[in-house]
Colleague: 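Below are the structure tokens for one structure; questions will follow.
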Number of protein chains: 2
Amino acid sequence: MPKLVDHEGRRRQIADAVCRLAEERGLEGVTLRDVAARADVSMGAVQRCFRTKDEMLTFALTYIGERVTTRVSARISESPAQSARTTVGHAATELSLLRQEHRAEARVWLAFLAQATVSRPLAEILRANYTALQEAFTALLAQAAPEADASLEARTLLALVDGLTTHVLIDHISPAAALDVLDHHLCRLWGEPQQ
Amino acid sequence: MPKLVDHEGRRRQIADAVCRLAEERGLEGVTLRDVAARADVSMGAVQRCFRTKDEMLTFALTYIGERVTTRVSARISESPAQSARTTVGHAATELSLLRQEHRAEARVWLAFLAQATVSRPLAEILRANYTALQEAFTALLAQAAPEADASLEARTLLALVDGLTTHVLIDHISPAAALDVLDHHLCRLWGEPQQ
DNA sequence: GTTTCTACGATGCAACTGCATCAGTACGAC
DNA sequence: GTCGTACTGATGCAGTTGCATCGTAGAAAC
């Protein structure tokens with residue numbers, strides 16, 4: 001057996017390059033040549049890992065989806081002793097990608113979101129991610145606010161978080177303002193008095 | 001004075017073609033040649049109307065922004081006798097582009113939204129639109145729910161509507177489910193009992 | 001009818017795209 | 001060592017892109 005390469009590792013390395021480029025120039029600015037250069041591999045290597053560009057983009061979206069989901073899950077499970085309500089707040093904040101260091105992820109996500117409206121494979125990956133997120137939030141909300149319609153509230157929260165993220169990205173509102181909105185929404189959800 | 005052409009009319013005609021193409025293939029599928037063909041003019045005519053492709057896209061975004069804003073405003077002013085709360089509901093529903101016939105507009109809007117994260121001119125047009133919408137909703141909400149923080153609630157409503165629209169576009173939720181979420185949110189905002 | 005000037009549309013062009021190809025490389029088994 | 005093979009990276013190619021160019025057409029002014 002001759003030279004063997006860590007294929008999965010290389011695919012991730014390339015997906016990383018895709019994300020960095022998508023963040024800087026948008027998804028249309030992602031070309032095979034630039035991806036290869038950014039990932040410090042040859043174009044041949046990229047073509048060996050992914051048969052087509054579409055396959056590469058699909059993998060990159062799956063990759064970033066897993067990263068976000070993992071981070072949210074981690075945030076949920078790392079705060080086991082807290083109340084369910086606090087956990088919901090933390091998870092939603094994490095998901096809204098408001099922190100500077102996750103702004104890039106948000107940009108990439110939005111780029112894929114737009115592309116998904118005209119690409120079935122991408123749309124299915126996105127749908128799978130959202131479904132998983134919604135189930136997680138529904139379960140959390142069922143604990144945090146037993147008297148509410150957990151599924152409905154989960155849909156509301158996901159949509160609100162996505163909208164806020166988008167508005168922050170285009171500088172319509174500041175991250176702080178987005179957090180305010182989120183806090184306010186959660187407080188009202190808990191039925192607590194709002195100041 | 002030789003042959004004169006209704007420039008503004010032609011620009012709108014071209015912008016229409018841009019929107020139809022963006023809806024079908026996404027913004028990356030919009031090329032000068034295809035736009036010209038779709039608008040039933042020659043490429044030369046397109047180049048005469050817009051010096052560069054960017055200028056064309058910028059105009060198209062402004063154009064569609066005006067269309068949406070106009071429709072929302074019309075919806076607001078055509079129901080003068082109703083309560084402020086009903087008006088807010090109608091306006092939000094109109095803005096969420098949930099009806100089948102406006103799905104195309106939503107797709108185009110999302111395409112521009114993604115592009116705006118890497119294009120300053122587009123981002124500024126979007127920001128202007130959102131600012132106008134937020135002011136309108138703030139004013140409405142101040143009437144409809146005097147005890148609430150109108151500005152905060154307007155930001156919430158806009159983000160929620162945007163998120164819902166996006167989720168409908170990628171088929172994560174149905175238009176009916178989105179309407180449910182919106183209704184529920186508004187009912188809670190009015191402090192009414194939720195069934 | 002002639003002139004004059006805008007608008008037109010066909011064509012050209014350099015750059016770039018995704019993808020295919022293929023001689024060469026380097027690693028591991030023997 | 002040598003050999004076979006999985007891998008590499010340079011190159012080729014057809015198609016597309018945005019933009020520039022330029023001769024022509026056609027509507028007003030006279």
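Residue numbers start from 1 in every chain, and the chains themselves are labelled A, B, ... in the order their sequence lines are given, proteins ahead of strands.
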Colleague: On DNA chain C, nearest-nucleotide positions of B:Ala45 versus A:Arg48: which is more 5'?
Modeller: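 Closer to the 5' end of DNA chain C: B:Ala45.
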Colleague: Check this for me: does any side-chain nitrogen of one of B:Arg67 and B:Asp16 sit under 4.0 Å from a carboxylate oxygen of the other?
Modeller: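 Looking at B:Asp16 together with B:Arg67, the answer is yes, because their closest N to O distance falls below 4.0 Å.
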Colleague: Does the B:Thr117 side chain pair with the main chain of B:Leu113, one donor and one acceptor, at a distance under 3.5 Å?
Modeller: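 No: the side chain of B:Thr117 does not pair with the backbone of B:Leu113.
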Colleague: Polar pairs (N or O, both sides) under 3.5 Å between protein and nucleotides 13-20 of chain C?
Modeller:
residue	atom	partner	partner atom	Å
C:dG18	OP1	A:Lys53	NZ	2.6
C:dG18	OP2	A:Leu32	N	3.0
C:dG18	N7	A:Arg33	NH1	2.9
C:dG18	O6	A:Arg33	NH2	2.9
C:dC19	OP2	A:Lys53	N	2.8
C:dA20	N7	A:Gln47	NE2	3.2
C:dA20	N6	A:Gln47	OE1	3.3

Colleague: Would the distance check show the side chain of A:Arg38 and the main-chain N or O of A:Ala17 forming a donor-acceptor pair, the cut-off being under 3.5 Å?
Modeller: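 Not at all, since once roles are kept as given, no pair shorter than 3.5 Å links the two residues.
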Colleague: Using modelled atom types and a 3.5 Å cut-off, is there a donor and acceptor pairing between side-chain atoms of B:Ser96 and backbone atoms of B:Thr93?
Modeller: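 Yes; judged by distance alone, with no hydrogens or angles, the pair exists.
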Colleague: For A:Arg75, check side chain to side chain contact (heavy atoms under 4.5 Å, CB included) against everything at least two apart and list the hits.
Modeller: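 Listed in chain order: A:Glu78, A:His90, A:Glu94, A:Arg99.
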